[in-house]
Amino acid sequence: MKVSEYLREYNIKLLKSLGQNFLTNQKIAKEIVEKAEIDEKDVVLEIGPGAGALTEYLVLTGAKIIAVEVDKRLIPILKRFNKFDNIQIVFQDFLKFDLSILPKDFKVVANIPYSITGMILKKILFSRFSRAVLMVQKEVGERLLAPPRSDRSFLSVVVQNFTVAKKLLNVSKGNFIPQPKVDSVVLDLKRKKDFEYDIGEFWNFVSRCFEAKRKTLYNNLRKFTDVGCFSGFDLKRRPQELENEEFLELFERFKGCK
Ligand SMILES: C[S@@+](CC[C@H](N)C(=O)[O-])C[C@H]1O[C@@H](n2cnc3c(N)ncnc32)[C@H](O)[C@@H]1O
């Protein structure tokens, strides 16, 4: 059955507040799962399975799938997966879901609710994931991948230092019901095994460097640390102008100085 038929059969009206734009194009769902290169030894987290568009293909990989969905109205639609013994569907708010129960190096494949993208990303990056294939709003995805000296945020710097990040697919808004206002992209975030810092500390540091994006690094840093720690560094630049590696260097200095 098609996604729209399931929704009609169970009389479910999709909610904007839960970011419920369901993927209707099965070819795209299949392609996303193929590009995630799942094998049967993997444990895969799906956030927000919705009516199961991606789940259909995830379950066929033979991997162990844990799907976390907040909307219990979708139980009758998702119960069709009960016949598979490699999937567990948990009806819970993902933001309250305990990721520490998943084994190290688990993967994430999800078309996430856009209104909580930042919180979802934070939770994934702070976990023991190895790779995340995520559909996000195009503008958000492009900003996450934005290089130095373009319109980027602290999250672009964190994501690009902590993972090898690239775009896998463009997905236009016509492939969803209801149709969202914006297009989407699918990102591939592969954790860098050699990132040697505490992600929480690095996250806080970079976010403070970007606190006032239009101000210089000097002005941002002096609010929380001794700028003397960064001697020899050109602090007259704005945070968007630095290379990713320069943030690692700044962070090293900051830690050494504390
Ligand atoms: C963009 S839809 C994607 C649905 C489906 N995966 C697809 O591709 O068609 C986002 C899904 O996330 C669910 N969702 C929203 N907030 C959530 C939360 N806090 N925890 C878990 N699921 C959530 C929504 O109910 C919805 O099913």
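Because the structure is a prediction, the values reported are computed rather than measured. Residue indices begin at 1 and follow the sequence shown. These numbers come from the heavy atoms of this one structure, side chains and all, not from hydrogens, waters or symmetry mates. In each ligand, atom 1 is the first atom listed, and ligand 1 is the first ligand listed.
Among all heavy-atom pairs drawn from L125 and F162, the shortest one is O-CE2, 3.3 Å.
Distances from ligand 1 to the non-hydrogen atoms of E46 include at least one value under 4.0 Å.
Between Q20 and ligand 1, at least one N/O pair is under 3.5 Å apart. Considering backbone and side-chain N/O atoms, A51 never comes within less than 3.5 Å of an N/O atom of ligand 1. Where the criterion is an N or O separation shorter than 3.5 Å, residue side chain and backbone included, L23 meets it with respect to ligand 1.
Of the candidates S17, A29, P113, P113 brings a heavy atom nearest to atom 16 (N) of ligand 1. The option with the heavy atom closest to atom 18 (C) of ligand 1, from among D93, I120, L58, is D93. Taking all heavy atoms of P49, A53, S184 into account, the minimum distance to atom 5 (C) of ligand 1 is reached by P49. Of the options N111, V70, L78, the smallest heavy-atom separation from atom 8 (O) of ligand 1 is shown by N111.
Remark: D151 engages K213 in a salt bridge, criterion side-chain N to carboxylate O under 4.0 Å.
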Practice prompt. For L242 and L250, run side chain to side chain contact (heavy atoms under 4.5 Å, CB included): C-alpha distance rounded to whole Å, both residues' side-chain angles, the deciding distance at 0.1 Å, then the answer.
Written response: CA-CA 10 Å; L242 268 72; L250 276 178; 3.6 Å; yes

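Remark: the Y57 side chain and the E34 side chain contain no N/O donor-acceptor pair separated by less than 3.5 Å.
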